[in-house]
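These figures come from a predicted structure and were not determined experimentally. By convention in this document, chain letters (A, B, ...) are assigned in the order of the sequence lines, proteins followed by strands, and residues within each chain are numbered from 1.
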Amino acid sequence: MKWDHKASPRPTMGTLLEPLFNSSQLLVQPSCYAAVFQSFTGKSLLKQGKQLHAHMLLRGLRPTAFLAAKMVAMYASSGEISSASHIFYSARDPSSLLFNSIIRAFSLYKYSEETMHAYLRMHSLGFHGDNFTYPFVLKAIADLYFVHFGKCIHGLSMKDGLDFDIYVATSLIDMYVKCGELGDACRLFDEMPVRDVSSWNALISGYMRDGAVDLARELFNRMPLKNIVSWTSMISGYTQNGLAAEALQLFDEMSKEDSEVKPNWVTIMSILPACGYLSALEKGRKIHSFAQEKGLDSHPSVQTALIGMYAKCGSLADAQWCFNGIKPNSRNLVAWNTMITAYASHGLGVEAVRTFEHMIQAGIHPDGVTFTGLLAGCSHSGLVDTGLRYFESMSSVYSVERKHEHYACIVDLLGRAGRLVEAYEHICRMPMQAGASVWGSLLAAGRCHRNLEIAELAAKKLFVLEPENSGNYVLLSNMHAEAGMWEKVKNLRALQKSQSVKKNPGSSWIEINGKAHLFHGGDTASHDQTKEIYLLLEELPGKMKAAGYIPDTTFALHDVSEEEKEISLTTHSEKLAIAFGLVNTSPGTVLRVTKNLRICGDCHTAIKFISKIYEREIIVRDVNRFHHFKEGSCSCGDYW
DNA sequence: GTAGGGTTAG
């Protein structure tokens, strides 16, 4: 008989049996319980499952190993792992099936230590693992990063003759990949007599993690059959390796009408960061509406990725809109973290704090990422004492471990506020070795407050920790120049040369009508409209003076940021991109520019004037944060 | 049952 779905939803065995179990008269054959437990899968039937469990206890029945396995699976299917665990540990004589059930339950819910413990007990009682045991155990090993253990398990699976079972072998590849043992993963893949799509996918993911993008692509091209995971792995791999354009190309290819494999919600979630990386707002919007059309936008993770994309593309309003669109009880930790970080990067510390408090009220427990966002927000808005209080509360209230990145935030927070000595004292009191980000914060603070002593101290550490970072040399060199210490400038140049530090060329881009236009500092001939751009830039100083600009000669002479010295200030890449935007958009259009380095001081001043003179809102994203220029001022309060 | 995933300081 066919069930008429329109008339009413098809009852499951569980819903049919519910009334029977509510009547205590009913006596069931003990052998029936297992089948009934098996039918009570999923959260919606948990209540019935519990009733049946109680019913059984009332009758004084002790579950057999077989029945216990079914009960474990029942509780696991609704995430009640503690109940499942309780049944497992109180079973008298366990069976392979019971071990497999609990191992699956623990592993799927990431109780990785418990998974290992259950497996070890299974092993010590003399049970052999089968092709249902190993994949879950290996997942736990990968999660715990127990390579050594993983190799033992590989050996054991070999003894059981399962190491080339398609599921076990693929899980082994995945385990090796996740533990950073790509060599072992490759060897196993080569030796496998039969592979399936998943085996290829596991190895592609391994190459991508290792940064071997081309080898991953080769596998992708060579594999006999590609499925949605293959495509999505390539896309996320490209994105994570900074190859956003390649990711977008693959995404477009699979989004075509005639494509055999179509994007699903994971694909959408994986491609959005590529738009964020490129600040490709138009492209991001297109993918958003594509997802809406295909009904792929309702998943909380997609909505979270949308928040991040819009925030990175400079549209905080859209980010907020997406956040508000997530059902309150679906707003998980990552969604909150993304929103808090979005506010922080746009310099809205008060909003970041407010969002954090809402999160706490909503009963979500913060983690380390929450606090990096929150503290960065406080720092960007000068909320020094608030930030310090939250830093304190991390251990005293929320028991979240204070890690290196949090110390970097605190040094930044104090440093920006001019409390340089306190910042340095914090570094001295750190429970771990201070790394580049901490000293980098201190160097920036020293520069901001023209404290040469502190800056030199920080730079000295940085020259050891990251000798290849040209920004540090430039920053200190500029300070020496400002102070007229030409001898030191010369020495620093020599040091930089001896370390063979490559200059990091500055570049900026702007998206107009969905097309990105890239500019390098000093570009003179790469665009059709070079003439118009330069014309606009040449008349700028005059207009700026008329608008009240008083040139600061020391600043203009020496503060050229990381952009090459020989490139004149007027042709810094961010200025070129903005000029291009002014020429090619109608009056009043918001300009969004992205720069690969920190925005330079002179450009910052100039853009403030441009926003006033041309009556434009200009949003610049630099390596660290966003600057919203409007009516002659910037959201960062000239503090960055 | 195995493979793909959104948030992280200067």
Visitor: Quick one: Met192(A) CE to dA3(B) P, roughly how many Å, whole number?
Guide: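 Result: 13 Å.
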
Visitor: Going by ring-ring contact (aromatic ring centres under 6.0 Å, His included), name the residues that satisfy it together with His604(A), two or more places apart in sequence or in a different chain.
Guide: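 Applying ring-ring contact (aromatic ring centres under 6.0 Å, His included) to His604(A) gives His627(A), Phe629(A), Trp640(A).
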
Visitor: Among the nucleotides dT7(B), dG4(B), dT2(B), which one has an atom lying closest to any side-chain atom of Pro135(A)?
Guide: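 Comparing dT7(B), dG4(B), dT2(B) against the side chain of Pro135(A), the answer is dT2(B).
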
Visitor: Where the side chain of Phe136(A) is concerned, which of dT2(B), dG6(B), dA9(B) is the nearest nucleotide?
Guide: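 Side chain of Phe136(A) sits closest to dT2(B).
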
Visitor: Write down the distance between NE2 (His288(A)) and C1' (dG6(B)), rounded to a whole number of angstrom.
Guide: 14 Å

Visitor: Given dA3(B), is OP1 or OP2 found less than 4.0 Å from the side-chain N or O atoms of Thr170(A)?
Guide: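 The answer is no; no side-chain N or O of Thr170(A) sits under 4.0 Å from OP1 or OP2.
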
Visitor: Contact class for Trp336(A) vs. all strands (heavy atom < 4.0 Å): base, sugar-phosphate, or nothing?
Guide: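 Contact class for Trp336(A): none.
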
Visitor: Can a donor-acceptor pair under 3.5 Å be found between the side-chain atoms of Ser301(A) and the base atoms of dG6(B)?
Guide: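 Answer yes: a donor N or O sits under 3.5 Å from an acceptor.
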
Visitor: Checking Arg402(A) now: which residues fulfil salt bridge (Lys or Arg N to Asp or Glu O under 4.0 Å) with it, not counting sequence neighbours?
Guide: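 By the salt bridge (Lys or Arg N to Asp or Glu O under 4.0 Å) rule, Arg402(A) matches Glu392(A).
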
Visitor: Just compare dT8(B), dG4(B), dA3(B) and give me whichever is closest to any side-chain atom of Val266(A).
Guide: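 Closest of the options to the side chain of Val266(A): dG4(B).
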
Visitor: Which part of the nucleic acid does Ala436(A) contact within heavy-atom distance under 4.0 Å: base, sugar-phosphate only, or nothing?
Guide: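 Touches a base.
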
Visitor: Between atom CG in Leu388(A) and atom C1' in dA9(B), what is the gap in whole Å?
Guide: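 Rounding to the nearest Å, CG of Leu388(A) and C1' of dA9(B) are 15 Å apart.
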
Visitor: Just to be sure I understand the rule, does Thr338(A) reach a base, reach only the sugar-phosphate, or reach nothing, if contact means heavy atoms closer than 4.0 Å?
Guide: sugar-phosphate

Visitor: How would you label the contact of Glu466(A) with the nucleic acid (heavy atoms, under 4.0 Å): base, sugar-phosphate, or nothing?
Guide: base

Visitor: Mind checking whether Tyr398(A) and Phe371(A) have parallel, tilted or perpendicular rings, split at 30° and 60°?
Guide: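 Answer is tilted, since the angle falls between 30° and 60°.
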
Visitor: Which residues pass the salt bridge (Lys or Arg N to Asp or Glu O under 4.0 Å) test with Asp160(A), sequence neighbours left out?
Guide: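 Listed in chain order: nothing, the list is empty.
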
Visitor: Rounded to whole Å, how long is the line connecting atom OH of Tyr176(A) with atom P of dT2(B)?
Guide: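 Those two atoms, OH and P, are 19 Å apart.
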
Visitor: Hey, what's the ring geometry for Trp336(A) with Phe323(A), parallel, tilted or perpendicular (30° and 60° as the breaks)?
Guide: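 Geometry flag for Phe323(A) against Trp336(A): perpendicular rings.
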
Visitor: Any side-chain donor paired with an acceptor under 3.5 Å for Tyr207(A) and Glu218(A)?
Guide: no

Visitor: Send over the distance from Asn624(A) CG to dG10(B) P, rounded to a whole Å.
Guide: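 Rounded to the whole Å, the gap is 5 Å.
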
Visitor: Can you sort out which residues in residues 226-239 of chain A have a heavy atom within less than 4.0 Å of DNA chain B? Ascending by number, please.
Guide: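 Hits under 4.0 Å, by residue number: Asn227(A), Ile228(A), Val229(A), Thr232(A), Ser233(A), Ser236(A).
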
Visitor: Heavy atom of residues 100-110 of chain A under 4.0 Å from DNA chain B: which residues?
Guide: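 Under 4.0 Å from DNA chain B: no residue of residues 100-110 of chain A.
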
Visitor: If I take atom CG in residue Asn337(A) and atom P in nucleotide dT7(B), what distance separates them, rounded to the nearest angstrom?
Guide: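 In whole Å, dT7(B) P and Asn337(A) CG are 11 Å from each other.
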
Visitor: Mind checking Asn332(A) for me? I need base, sugar-phosphate or nothing, with any heavy atom below 4.0 Å counting as a touch.
Guide: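 Contact class for Asn332(A): base.
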
Visitor: Do Thr170(A) and Ser199(A) pair up side chain to side chain, a donor and an acceptor below 3.5 Å, judged on atom types alone?
Guide: yes

Visitor: Look at Lys139(A) and dA3(B) and indicate whether a side-chain polar atom (N or O) is within less than 4.0 Å of OP1 or OP2.
Guide: yes

Visitor: Please give, in whole Å, the distance from dA9(B) P to Met430(A) CE?
Guide: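 Roughly 16 Å, once rounded to whole Å.
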
Visitor: Is any side-chain N or O of Ser198(A) under 3.5 Å from a base N or O of dT2(B), one able to act as donor and the other as acceptor?
Guide: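 Present.
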
Visitor: What orientation do Phe391(A) and His426(A) show, parallel under 30°, tilted 30 to 60°, or perpendicular over 60°?
Guide: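 Ring orientation of Phe391(A) relative to His426(A): perpendicular.
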
Visitor: Is a side-chain donor-acceptor pair under 3.5 Å present for Asn201(A) with Asn227(A)?
Guide: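 A pair is found: one side chain offers a donor N or O, the other an acceptor, under 3.5 Å apart.
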
Visitor: Could you check whether Asn472(A) and Glu466(A), counting side-chain N and O atoms only, form a donor-acceptor pair closer than 3.5 Å?
Guide: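 Yes, Asn472(A) and Glu466(A) have a side-chain donor paired with an acceptor closer than 3.5 Å.
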
Visitor: So does His406(A) get a side-chain nitrogen or oxygen closer than 4.0 Å to the phosphate oxygens (OP1/OP2) of dT8(B)?
Guide: no

Visitor: Report yes if at least one side-chain N or O of Lys178(A) is closer than 4.0 Å to OP1 or OP2 of dG4(B); otherwise report no.
Guide: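 Yes, because at least one side-chain N or O of Lys178(A) sits under 4.0 Å from OP1 or OP2 of dG4(B).
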
Visitor: From CG of Asp196(A) over to P of dT2(B), roughly how many Å is that when rounded to an integer?
Guide: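 My rounded result for the distance is 12 Å.
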
Visitor: Closest approach to the side chain of Leu462(A), judged atom by atom: which nucleotide of dA3(B), dG10(B), dT2(B) is it?
Guide: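 So the nucleotide nearest the side chain must be dG10(B).
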
Visitor: Which nucleotide in the list dA9(B), dG5(B), dT7(B) gets nearest to the side chain of Pro273(A)?
Guide: dT7(B)

Visitor: Considering only dA9(B), dG5(B), dA3(B), which nucleotide approaches the side chain of His299(A) most closely?
Guide: dG5(B)

Visitor: So Trp200(A) and Phe189(A), would you call those rings parallel, tilted or perpendicular, with 30° and 60° as cut-offs?
Guide: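 Rings of Trp200(A) and Phe189(A): perpendicular, over 60°.
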
Visitor: Identify whether any heavy atom of Asn264(A) sits under 4.0 Å from a base atom; if not, whether one sits that close to sugar-phosphate; answer base, sugar-phosphate or nothing.
Guide: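 Counting heavy atoms under 4.0 Å across all strands, the contact made by Asn264(A) includes a base.
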
Visitor: With distance as the sole criterion, do the side chain of Ser441(A) and the base of dG10(B) form a donor-acceptor contact below 3.5 Å?
Guide: no

Visitor: Any idea which of dG10(B), dG5(B), dT7(B) is nearest the Gln240(A) side chain?
Guide: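 Closest of the options to the side chain of Gln240(A): dG5(B).
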
Visitor: Tell me every residue that passes salt bridge (Lys or Arg N to Asp or Glu O under 4.0 Å) with Lys262(A), counting only those two or more places apart in sequence or in another chain.
Guide: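 Counting only residues at least two positions away or on another chain, Lys262(A) forms no salt bridge (Lys or Arg N to Asp or Glu O under 4.0 Å).
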
